[in-house]
Amino acid sequence: MRNRSSFARCLTHQVALLAVIAASTTACSGKYIRPTTLEKVPATTENVERGRYLVNQVAACGTCHTPRIGSSWLEGERTDAFLGGGQVIDDLGLGAKIVMPNITPDPETGIGNWTDDQIMRAIRDGVRASDDLMMPPMPFISYGGMADSDVRAIVAYLRQVTPLRNGIDRGVNRFPFMFKFAKSVGLIHHTPARNVTAPPRSDQVKYGAYLARSVASCWE
């Protein structure tokens, strides 16, 4: 009887803890999700070329989002599947498995149906078009410091990428409990990025620090 009573108390405490976590998830997540607008990023030559430089050189988005030859992280990126997703991070020691999403403009399996502002919010704030919060390894912590002009340029370039129909089953993703708990209580995300400007390029130290931290996310 004593064991049953202890078990009942333990179960009650666990249910109460889960209720607190669930409530905190709702309370904490709301302040990280801003409403999006219908802003259209102009596909100027300057924007597209700046975005090409950031995506392919500094941010190196293909490192995660372009599948590798033979699915091996030791091999090169597949030129026929640029930013098409499907590469897997499977860390048995950490207990994490993440399948990288397709970020080409394909409307069904990529981000073709996302608005420009939804893409910008995803990059800098880690919020999907569905208003769900993302998880690392997407470096939205770093990208929160990305200038408005640069995130717009990235969107302009991504719109020019060849659409690739490549459905990704991300239902197999798994994260350690502490990662999920940290997200639920607001330890991973930041408040929405707004009105961010880059340092002047003439200040090479500050501008270099900006690229290294907020675009290349070297510190992560």
Side-chain angles (χ1 to χ4, degrees), residues 25 28-44 46-66 83 85 89 98 100-105 110-161 170 173 175 179 182-201 206-220:
T25 299
C28 290
S29 63
K31 66 181 180 181
Y32 303 121
I33 304 173
R34 66 168 177 80
T36 55
T37 69
L38 296 178
E39 174 188 356
K40 287 287 293 182
V41 174
T44 63
E46 180 181 7
N47 266 347
V48 172
E49 290 308 309
R50 174 66 176 175
R52 186 191 311 276
Y53 164 67
L54 295 174
V55 168
N56 295 327
Q57 303 297 326
V58 188
C61 301
T63 300
C64 287
H65 290 284
T66 300
L83 302 182
I89 295 178
I98 305 102
M100 298 302 166
N102 178 350
I103 60 169
T104 73
I111 57 174
N113 282 333
W114 293 29
T115 67
D116 289 353
D117 195 30
Q118 284 175 335
I119 299 173
M120 289 189 281
R121 185 180 67 169
I123 293 171
R124 294 201 298 185
D125 299 339
V127 181
R128 297 186 183 88
S130 60
D131 287 349
D132 295 319
L133 297 178
M134 296 180 179
M135 289 279 275
M138 177 62 181
F140 49 79
I141 296 174
S142 294
Y143 292 166
M146 187 183 295
D148 295 1
S149 58
D150 280 342
V151 74
R152 289 190 176 103
I154 287 176
V155 170
Y157 173 67
L158 289 178
R159 292 297 195 198
Q160 309 299 311
V161 170
R170 306 198 72 221
N173 285 3
F175 297 94
F179 276 44
K183 183 182 80 168
S184 72
V185 296
L187 296 180
I188 294 179
H189 289 76
H190 53 75
T191 53
R194 292 187 176 93
N195 304 319
V196 184
T197 57
R201 299 188 192 187
K206 288 185 178 179
Y207 185 70
Y210 161 74
L211 288 181
R213 179 180 177 86
S214 299
V215 185
S217 60
C218 298
W219 70 279
E220 291 194 38

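In what follows, every heavy atom counts, from backbone to side chain, and hydrogens, waters and symmetry copies are set aside.
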Worksheet item: Has the side chain of Q160 got a donor or acceptor atom that lies under 3.5 Å from a matching backbone atom of V48?
Response: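 Pair absent, no side-chain N/O of Q160 close to backbone of V48.
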
Fill in: Test log, rule side-chain contact (heavy atoms from CB on, under 4.5 Å), inputs R170 and I98
CA-CA 8 Å; R170 306 198 72 221; I98 305 102; 3.9 Å; yes

Worksheet item: Charged N to carboxylate O below 4.0 Å: is that the case for R121 and D131?
Response: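 Here R121 pairs with D131 in a salt bridge, since their nearest N and O are under 4.0 Å apart.
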
Practice prompt. Please determine if D117 and R34 form a salt bridge, counting it only when a charged side-chain N lies under 4.0 Å from a carboxylate O.
Written response: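 Yes, charged N to carboxylate O under 4.0 Å.
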
Item to complete: Can you measure from OG (S142) to NE2 (H190) and round to the nearest 0.5 angstrom?
Response: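 Between atom OG of S142 and atom NE2 of H190 there are 9.0 Å.
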
Item to complete: Find the distance between OH (Y143) and CD1 (I154) and round it off to the nearest 0.5 Å.
Response: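 The CD1 atom of I154 is 7.0 Å from OH of Y143, to the nearest 0.5 Å.
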
Nearest heavy-atom neighbours spanning [X] and [Y]:
{"X": "M100", "Y": "C64", "result": "CG-O, 3.1 Å"}
{"X": "E220", "Y": "I141", "result": "OE2-CB, 4.0 Å"}
{"X": "Y53", "Y": "L211", "result": "OH-CD1, 4.2 Å"}
{"X": "A193", "Y": "G144", "result": "CB-O, 3.5 Å"}
{"X": "Y207", "Y": "P199", "result": "CD1-O, 3.5 Å"}
{"X": "A198", "Y": "A147", "result": "N-CB, 3.5 Å"}

Discussion item. Could you walk me through whether D150 and Y210 satisfy the side-chain contact (heavy atoms from CB on, under 4.5 Å) test, starting with their C-alpha distance in whole Å, then the side-chain angles of each, then the deciding distance to 0.1 Å, before giving a yes or no?
Written reply: CA-CA 11 Å; D150 280 342; Y210 161 74; 2.7 Å; yes

Discussion item. Using the side chain to side chain donor-acceptor pair (under 3.5 Å) definition, which of the options D116, N47, T104 pairs with R159?
Written reply: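 Among D116, N47, T104, the one that satisfies the side chain to side chain donor-acceptor pair (under 3.5 Å) with R159 is D116.
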
Decide yes or no for [X] and [Y]: does some side-chain heavy atom of the first lie under 4.5 Å from some side-chain heavy atom of the second?
{"X": "N195", "Y": "D148", "answer": "yes"}
{"X": "N173", "Y": "M135", "answer": "no"}
{"X": "V127", "Y": "L133", "answer": "yes"}

Discussion item. Go through it in stages, so that I can follow the logic: the residues are D125 and R194, the test is salt bridge (Lys or Arg N to Asp or Glu O under 4.0 Å), and I'd like the CA-CA distance, side-chain angles, deciding distance and then a yes or no.
Written reply: CA-CA 10 Å; D125 299 339; R194 292 187 176 93; over 6 Å; no

Item to complete: Quick one: do V161 and V55 satisfy side-chain contact (heavy atoms from CB on, under 4.5 Å)? Show the steps, please.
Response: CA-CA 11 Å; V161 170; V55 168; over 6 Å; no

Worksheet item: Is it true that atom CZ of F179 has more than 12 heavy atoms of other residues, nucleotides or ligands lying nearer than 6.0 Å?
Response: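 Open.
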
Item to complete: Could you check whether the rings of F140 and H189 sit parallel, tilted or perpendicular, using 30° and 60° as the cut-offs?
Response: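 Rings of F140 and H189: parallel, under 30°.
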
Practice prompt. Could you check L54 against M146 for side-chain contact (heavy atoms from CB on, under 4.5 Å), going step by step and ending with a plain yes or no?
Written response: CA-CA 11 Å; L54 295 174; M146 187 183 295; 5.7 Å; no

